[in-house]
Structure formats: structure tokens, C-alpha cells
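Here the structure is a predicted model, which is why all the values come from computation and not from measurement. Chain identifiers are assigned alphabetically (A, B, ...) following the order of the sequence lines, protein sequences preceding nucleic acid strands; residue numbering begins at 1 within each chain.
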There are 2 protein chains.
Amino acid sequence: MAKENTTRFALLGLLTFGPASGYELKTLCDRTISHFWNENYGHIYPVLKELAKEELVTADNETKVGRPPKTVYSITDKGMDELRAWLAKPIVHTPPRVELLLKIVFSGNVPRSKVLALLEDEIKNAQETITKFEGLEDHLKNHIDDKNHGHKNAKLWLASVDYGKRFNRMHLGWCEDQLRSLRKSENRK
Amino acid sequence: MAKENTTRFALLGLLTFGPASGYELKTLCDRTISHFWNENYGHIYPVLKELAKEELVTADNETKVGRPPKTVYSITDKGMDELRAWLAKPIVHTPPRVELLLKIVFSGNVPRSKVLALLEDEIKNAQETITKFEGLEDHLKNHIDDKNHGHKNAKLWLASVDYGKRFNRMHLGWCEDQLRSLRKSENRK
DNA sequence: GTATCCATGTAACCAGTTACATGATTGC
DNA sequence: GCAATCATGTAACTGGTTACATGGATAC
């Protein structure tokens with residue numbers, strides 16, 4: 001069984017917030033779920049066409065004065081059914097691929113200083129990501145009642161940011177412990 | 001810039017433990033790093049040929065009586081250089097794709113019961129994985145001095161299992177909290 | 001004789017990324 | 001006149017998965 005095209009469901013999901021063009025879906029994706037999901041034009045446009053062909057979405061051409069024309073997609077009942085079926089299905093876990101662990105497991109082949117540098121880089125990254133996520137969190141909490149930003153799903157969105165924070169804290173903690181243990185064995189030599 | 005072929009380095013890394021055939025590399029991979037890395041034959045064999053062509057590994061045909069013939073690959077100096085260069089390079093983080101969060105963020109479209117079931121399934125999975133990892137850990141700790149199992153890298157290997165445990169505990173904790181918060185809001189209704 | 005392991009490979013396929021190309025409109 | 005934003009798309013490519021095909025050797 002081939003791997004499922006998750007992009008289809010990401011787009012269907014975004015369309016539940018309202019009709020949008022390919023371009024708008026991309027910016028929506030970037031602004032709302034980019035901390036855990038990413039799409040690019042080269043995939044969005046073909047998949048939208050595919051979805052339209054299968055009647056999971058409808059495509060309407062819109063021309064407004066003073067604006068480039070665009071194709072606006074809306075999710076259909078059939079599309080909603082597909083989306084709901086996917087949402088209810090348990091997640092099929094594919095074997096993970098953690099590049100950091102690959103580098104660590106083979107790190108006996110490089111000088112310790114390189115390994116320390118790698119871990120320090122990871123730590124810096126994780127700290128920056130956590131800070132970014134905390135900013136995101138604050139921003140959302142302050143605008144949670146702001147009707148203009150209209151996210152009924154603010155709670156779920158916050159939960160996704162929380163996941164990101166937890167993940168990065170876990171990652172950070174492991175790297176720090178690893179770094180400590182590495183430095184300790186260095187001193188013993 | 002195209003995405004890097006990490007399989008190359010996984011294979012080069014495994015070959016630092018000693019020469020091996022494609023088949024042996026697959027079983028080695030399954031037995032030692034499958035908790036965070038996976039490879040399949042359909043990728044291993046072509047990549048090995050590619051590596052041989054680039055002289056990062058050498059290929060030797062071996063025929064033993066009472067055994068099917070096999071091609072044994074060994075890492076070359078050039079291969080070691082490539083591997084070391086990769087090991088020392090910081091990790092380029094590609095945008096993550098967390099399917100669970102996608103489902104949660106769009107979960108407003110399905111009955112709460114389905115979301116609860118999804119979370120419960122994730123929790124069960126995470127618990128099972130943690131148990132599996134603890135078994136792995138115990139096994140390794142008991143054989144750490146056993147020369148026959150010959151893993152000089154037992155410490156690094158343990159660290160990778162520890163990462164897996166931490167990740168799954170984090171995942172588990174988030175799911176449990178999410179479940180609790182979902183049930184609470186259910187009662188309020 | 002049959003199931004399992006050892007052993008190698010290819011073909012078809014799919015998901016996803018990057019680079020490239022185009023052009024209208026708006027604000028400075 | 002130019003940069004930025006809005007808007008759509010394709011072509012080339014790569015990494016990776018799955019299914020299929022083959023066949024020798026071994027242990028029961």
C-alpha cells in the first residue's frame with residue numbers, strides 16, 4: 001500500500017475555514033500551521049486540480065477590478081465526507097528517521113569537539129524555537145477574543161503550539177544531558 | 001538545493017562497523033538502529049552501487065561453500081572522509097509534518113468521540129513503544145560487557161533509546177492532557 | 001517436501017522539493 | 001521606474017516505498 005497523500009487532507013482541512021485560492025491556502029498554511037505543517041506551491045496547485053476532478057472541491061473563477069484573477073476553491077459535501085473519514089482514522093505510524101541520532105550513533109568516527117559543536121548547535125536551535133513558540137502563544141492568547149482574527153479553534157491551535165514547545169524542550173533536554181555526559185568522559189581521560 | 005540522500009550516510013556509517021553485504025546491512029539496520037532509522041532493500045542495493053561507483057566503498061564478491069554468493073562492501077578512505085564531513089555538519093532542519101496535530105487542529109469537523117478514540121489510540125501506541133524501549137534498554141545493559149555482542153558504542157546506542165523513550169513520554173503526556181481537557185469541556189456542556 | 005533463511009535485484013510508483021517562468025497590480 | 005504583493009503554474013528531479021521475481025541452502 002502506497003503512502004497516503006496527506007497534502008490532500010491538509011488542503012481539505014484548510015478549506016473548512018472557508019473558500020480560498022491556491023495562493024491564499026499557501027499563505028493561510030504559512031500563517032497558521034507552519035509550526036507543524038508545510039506545503040509549497042509546486043504541490044498545492046496540482047493537488048487542488050486533482051481534488052476538483054474528484055469533486056471533493058469546486059473551482060470558481062473570480063475576477064475583481066484592480067486584482068489579478070484567481071480560482072477560488074470550496075470544499076464539497078463529498079470532500080467533507082472524505083475529510084471526516086480521514087480525521088477519524090487512527091494514525092499509521094511510519095518508521096521515524098532522526099538524523100541527529102544517526103550522527104550521534106556514528107560519532108565515534110569524528111573528534112569529540114565536532115560532536116560537542118553539533119549538540120551546541122541543536123541546543124541553540126531548540127532554544128530559539130521555544131522562544132518563537134512562546135511568542136506565538138502570547139500573541140494568540142492576547143487576541144483570543146478578537147473577532148477580527150476569528151479563530152474559533154484558538155484552543156486547538158494553542159494545543160499544537162504547546163506540542164511544539166514540549167517537543168523542543170524534550171529535544172533540548174536530551175542534547176544538554178548528552179553534552180554533559182560527553183564533557184564528563186572527556187575530563188576522565 | 002535538493003534534499004540530501006541520508007541513506008548514503010546511514011550505509012557508510014554502518015560499514016564503519018565492518019564490511020557487509022546489502023542483505024547484512026539491512027539486518028544490521030533492523031537490529032541496531034531501527035528504533036530511529038529504517039532502510040529497505042529497494043533503496044539499499046541501488047545506493048550501494050552508487051557508492052561503489054563513487055569509490056566511497058569497494059565491492060568484493062564472496063563465495064563460500066554451502067552459502068549463496070554475496071557482494072561484500074567495505075568503506076574506503078574516501079568514504080570515511082565523506083562520512084566524517086557529514087557527521088561534522090550541523091543538521092539542516094526541514095519543516096516538520098506532524099499528522100496528529102493536523103488531525104487535532106481540524107478535529108472540530110468530527111464528533112468528539114472520534115477525537116477521544118484517536119487520542120486513546122495514540123496513548124496506547126506510545127505506552128507500548130515505551131515498554132518496548134525499556135526492554136531494549138534492559139537487554140543492552142545486561143550485555144554491555146558481553147564481548148560477543150561487541151558494541152563498543154553501547155553508550156551511544158543507549159542514548160538513542162533514551163531519546164526514543166523521552167519522545168514517547170512527551171507524546172504520551174501531551175495526548176493525556178489533551179484527552180483530559182477534551183473530557184472536561186464535554187462535561188461543561 | 002516445505003518452510004525459513006540467505007541473497008540480490010528491478011520496475012512502478014508516489015510524495016514532495018526546487019527552480020523556472022509569467023504577468024497583473026499597487027505603492028513608493 | 002522599481003520593489004513588493006498577488007496569482008498560477010510546470011518541469012525536472014530526488015528520495016523513498018512496495019511489489020514482484022528469482023534462486024540456492026538449511027533444517028525439520
Side-chain angles (χ1 to χ4, degrees), chain A residues 1-11 19-31 34 36-54 57 59-73 86 92-99 102, chain B residues 1-12 19-31 34 37-54 57 59-73 86 92-99 102:
Chain A
M1 190 185 55
K3 201 189 157 190
E4 217 163 19
N5 183 343
T6 41
T7 297
R8 294 163 60 89
F9 302 109
L11 295 181
S21 67
Y23 186 84
E24 285 162 349
L25 285 170
K26 169 63 174 158
T27 48
L28 187 62
C29 186
D30 288 349
R31 282 181 202 155
S34 62
F36 69 84
W37 202 264
N38 170 270
E39 293 294 346
N40 45 267
Y41 293 125
H43 212 191
I44 290 174
Y45 286 113
V47 169
L48 279 174
K49 282 200 169 170
E50 206 184 294
L51 291 174
K53 212 164 142 190
E54 294 175 49
V57 301
D60 297 290
N61 292 314
E62 191 185 295
T63 33
K64 271 190 185 160
V65 279
R67 297 242 138 217
K70 60 181 174 181
T71 308
V72 177
Y73 294 88
W86 177 76
V92 184
H93 289 276
T94 49
R97 285 193 140 201
V98 188
E99 198 178 315
L102 205 56
Chain B
M1 192 185 53
K3 199 187 155 192
E4 217 163 19
N5 183 343
T6 42
T7 297
R8 294 163 60 89
F9 303 108
L11 295 180
L12 287 175
S21 67
Y23 186 84
E24 286 162 348
L25 285 170
K26 168 63 174 159
T27 48
L28 187 61
C29 186
D30 288 349
R31 281 180 202 156
S34 63
W37 202 264
N38 171 270
E39 293 294 347
N40 46 268
Y41 292 125
H43 213 192
I44 290 173
Y45 286 112
V47 169
L48 279 174
K49 282 201 169 170
E50 205 185 294
L51 291 173
K53 212 163 141 191
E54 294 174 49
V57 301
D60 297 291
N61 292 314
E62 191 184 295
T63 34
K64 271 189 184 161
V65 281
R67 298 242 137 217
K70 59 181 175 180
T71 309
V72 177
Y73 295 88
W86 176 76
V92 183
H93 289 275
T94 49
R97 284 194 139 200
V98 188
E99 198 178 313
L102 205 56

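- The list of side-chain hydrogen bond (donor to acceptor under 3.5 Å, both in side chains) pairs with a residue in residues 40-53 of chain A, not counting sequence neighbours, reads A:Thr7-A:His43, A:Arg8-A:Glu50.
- Summarising the geometry, the separation between CZ on A:Arg97 and C1' on C:dG16 is reported as 14 Å, rounded to the nearest angstrom.
- Atom CD1 in A:Ile44 sits about 12 Å away from atom P in C:dG16, given to the nearest Å.
- Between A:Lys64 atom NZ and D:dA7 atom C1' the separation is 14 Å, expressed in whole Å.
- With sequence neighbours excluded, the residues satisfying side-chain contact (heavy atoms from CB on, under 4.5 Å) with A:Thr6 are A:Trp37, B:Arg97, B:Glu99.
- If you measure from atom CD of A:Glu50 to atom C1' of C:dC14, you get 11 Å, rounded to the nearest angstrom.
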Contacts under 3.5 Å, N or O only, protein and nucleotides 6-11 of chain C:
unit_1: C:dC6; atom_1: OP2; unit_2: B:Tyr23; atom_2: OH; d: 3.2
unit_1: C:dT8; atom_1: OP1; unit_2: B:Thr71; atom_2: N; d: 2.8
unit_1: C:dT8; atom_1: OP2; unit_2: B:Tyr23; atom_2: N; d: 3.0
unit_1: C:dT8; atom_1: OP2; unit_2: B:Tyr45; atom_2: OH; d: 3.1

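- Note on A:Thr7: a side-chain N or O is less than 4.0 Å away from OP1 or OP2 of C:dG16.
- Partners of B:Pro95 by side-chain contact (heavy atoms from CB on, under 4.5 Å), not counting sequence neighbours, listed by chain and number: A:Asn38.
- Rounding to whole angstrom units, CZ of residue A:Phe9 and P of C:dG16 are separated by 11 Å.
- Proximity of A:Asn5 to the phosphate of C:dG16: a side-chain N or O atom is located under 4.0 Å from OP1 or OP2.
- A:Glu62 places its CD atom 15 Å from the C1' atom of C:dA24, with the value rounded to the nearest Å.
- If you take CG on B:Asn61 and NZ on B:Lys70, they are separated by 12.0 Å, rounding to the nearest 0.5 Å.
- Remark: P of D:dG15 and CG of B:Leu11 are 13 Å apart, rounded to the nearest angstrom.
- The nearest whole Å value for the distance from the CG atom in A:Asn40 to the P atom in D:dC13 is 18 Å.
- Applying the side-chain contact (heavy atoms from CB on, under 4.5 Å) test to B:Pro68 and every residue at least two apart in sequence or in another chain returns nothing.
- Considering only residues two or more places apart in sequence or on other chains, B:Asp30 meets the salt bridge (Lys or Arg N to Asp or Glu O under 4.0 Å) condition with B:Lys26.
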